[in-house]
Amino acid sequence: MSDTPGFNTLSIHAGAQPDPTTGARATPIYQTTSFVFDDVNHAASLFGLQAFGNIYSRIGNPTCAVMEERIAALEGGTAALAVASGHAAQMNVMHTLMQPGDEFIASNKLYGGSINQFTHAYKNFGWNVKWGDIDDPSTFAAAVTDKTKAIFVESLANPGGVVTDLEAIAKVAKDANVPLIVDSTMATPYLIRPFEHGADIIVHSATKFLAGHGNSIAGAIVDGGTFNWVGDKRYPMLSEPRPEYSGMILAETFGNFAFAIACRVLGLRDLGAALSPFNAFMVSTGMETLALRMQRHCENAQAVAEYLDGHDKVAWVSYPGLPGDRYHNLAKKYCPKGAGAVFTFGLAGGYDAGVSLVSNLKMFSHLANIGDTRSLVIHPASTTHRQLSDEAKVKAGAAPDTVRVSIGIENVEDIIADLDQALAA
Ligand SMILES: Cc1ncc(COP(=O)(O)O)c(C=O)c1O
């Protein structure tokens, strides 16, 4: 490899070498719970964090390490951590930053599951979420108090169509001296690299485009190495002596990858949401083709959005790749290679038309996921958001007429033909 390998090269090679024992070229799946120590001193140094190495697969595993190094390299971070799911990544990050009574500010445009997690589950830990309007960064600034510990946004927001002005939000975070956490699931590092725009921590649901084939639940945390935790009493997990590690202060010992270490040796150790080596293998393998897939996903999504925009049964299309879209300029700035593959549109016939479209599609799969090679569709009002009042549905971006698609990498003419026959029906 050259000294500065390109994105495609890193996607394939970062973190991986031929297996030193067998010569296996593909990364072996180290399906083991534990690792034999050289001797008693070796074991003691691993447990005391004086040496890096494998102890127990809840805390680290060589197959997971390949995925970790690869995503850290692609995002331009100092270190990464593989975890059991996207939600586990968010949970682990907040566990590392927050104490009971603390607050964080989150964008009002997020994946619905994250809104649930932040609103309900986090209450049990005494962590309070406040909401900022993603279209108005001043609302984030107005929500800052002396209890604020972080700001959380998605780079491209699920269910699609929203491009976040990362630099504007990063300025608010910097002024408040708190880390900016960016969920970059929908963008992947192929489209947007949030550390280049002021993020401090990135989380992924690797379940989606990173793994890319709709077959594995996985998550990742990437440390940008940009936030200085040393001596900052607001973040005691990082800045105070750890009794179980002989009084070690993680921020001082591990410098610009202390956050990733804390998420591993405190978060994974105690919360336990470790990724299985098999799923790490699936994600690393998926990442080898990330650029090719994302390029095709975006080309297809652009063509499908243009087709829908010109269809007389379609009332509106929310895709930032369309020139008239309200996020088009932000898309040109933050993701010039493409505006992602997940977006929403509305049917002139409202709720009934949405149900009918989903029922009549033949190649699209009707399910609750995004970021598969296959094209996917869901009608939120009759499924994921069914229990909400009509008003709440609209607020959550799930109005009765709204359809969400995740455009796959099939031949685009087949995707459009399927939509065409379903709209005609
Ligand atoms: C943007 C985003 N973040 C996080 C998650 C949660 O990820 P997981 O299902 O892997 O826990 C999802 C899931 O759809 C998502 O779309």
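In this text the structure is predicted, and so the values were computed from the model without any measurement.
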Could you go through residues 245-255 and list every donor-acceptor pair under 3.5 Å that involves a side-chain atom there, pairing it with any protein atom two or more places apart or in another chain?
unit_1: Y245; atom_1: OH; unit_2: V265; atom_2: O; d: 3.2
unit_1: Y245; atom_1: OH; unit_2: R269; atom_2: NH1; d: 3.4
unit_1: T253; atom_1: OG1; unit_2: I249; atom_2: O; d: 3.1

Here the pair of heavy atoms bringing S375 nearest to I415 is OG-CD1, 3.6 Å
Parallel, tilted or perpendicular: which fits the ring planes of Y111 and H87, with parallel below 30° and perpendicular above 60°? tilted
Given the options Y319, Y327, W316, F343 meets ring-ring contact (aromatic ring centres under 6.0 Å, His included) only with Y319
Do other residues, nucleotides or ligands put more than 12 heavy atoms under 6.0 Å from F7 CZ? yes
What verdict does the side chain to side chain donor-acceptor pair (under 3.5 Å) test give for T78 and N256, after you've listed the backbone C-alpha separation in whole Å, the side-chain angles of each residue and the deciding distance to 0.1 Å? CA-CA 7 Å; T78 52; N256 70 357; 4.8 Å; no
Quick check: are there more than 12 heavy atoms from other residues, nucleotides or ligands sitting under 6.0 Å from NZ of K123? no
Taking the six-membered ring for Trp, are F52 and F257 parallel (under 30°), tilted (30 to 60°) or perpendicular (over 60°)? tilted
So, D418 and K362, do they make that salt bridge, N to O below 4.0 Å? no
Does N279 reach the main-chain N or O of I217 with its side chain, forming a donor-acceptor pair under 3.5 Å? yes
SG of C64 to CG of N54, rounded to nearest 0.5 Å, is 10.0 Å
From the list K208, R404, K109, side-chain hydrogen bond (donor to acceptor under 3.5 Å, both in side chains) partner of N158 resolves to R404
Sub-3.5 Å donor-acceptor pair from the side chain of H297 to the main-chain atoms of I407, do we have one? yes
Does atom NZ of K149 have more than 12 heavy-atom neighbours, drawn from other residues, nucleotides or ligands, at distances under 6.0 Å? yes
Would you please indicate if the ring centroids of F125 and H95 are separated by under 6.0 Å? no
Without swapping roles, check the side chain of S406 against the backbone of I370 for a donor-acceptor pair under 3.5 Å. no
Counting only heavy atoms not in K147 (residues, nucleotides, ligands), do more than 12 fall under 6.0 Å from its NZ? no
Which value, rounded to the nearest 0.5 Å, describes the distance between D165 atom CG and D136 atom CG? 11.0 Å
Could you report the tightest heavy-atom contact between G354 and V403, atom names first, then the distance? CA-CG2, 4.3 Å
How about F345 and V405: do any of their side-chain heavy atoms sit closer than 4.5 Å? yes
Kindly write out the residues that satisfy salt bridge (Lys or Arg N to Asp or Glu O under 4.0 Å) with R293, not counting sequence neighbours, or none if the list is empty. none
Does atom OH (Y56) have a neighbourhood of more than 12 heavy atoms from anything else shown, all under 6.0 Å? no
Are F227 and Y235 an aromatic pair by the rule of ring centers under 6.0 Å? yes
Closest non-hydrogen atom pair, G60 against F35: O-CE1, 4.0 Å
At their closest point, which heavy atom of H197 faces which heavy atom of R193, and how far apart are they? CD2-O, 3.6 Å
Using modelled atom types and a 3.5 Å cut-off, is there a donor and acceptor pairing between side-chain atoms of N108 and backbone atoms of I134? yes
Could you tell me the separation between the CG atom of N300 and the CD1 atom of I409, rounded to the nearest 0.5 Å? 8.5 Å
If you measure from the Lys or Arg side-chain nitrogens to the Asp or Glu carboxylate oxygens, is any gap between E68 and R264 under 4.0 Å? yes
Can the positive tip of K130 be found less than 6.0 Å from the middle of the six-membered ring of F104, inside 45° of the ring normal? no
Taking the side chain from R374 and the backbone from H213, do they hold a donor-acceptor pair closer than 3.5 Å? yes
Backbone of T32 reached by a side-chain donor or acceptor of S57 within 3.5 Å: yes
Indicate yes or no: does D102 engage R234 in a salt bridge with an N to O separation below 4.0 Å. no
Could you tell me whether the side chain of T27 and the main chain of T63 form a donor-acceptor pair under 3.5 Å? no
With distance as the sole test, does Q302 use its side chain to make a donor-acceptor pair with the main-chain N or O of G321 at under 3.5 Å? yes
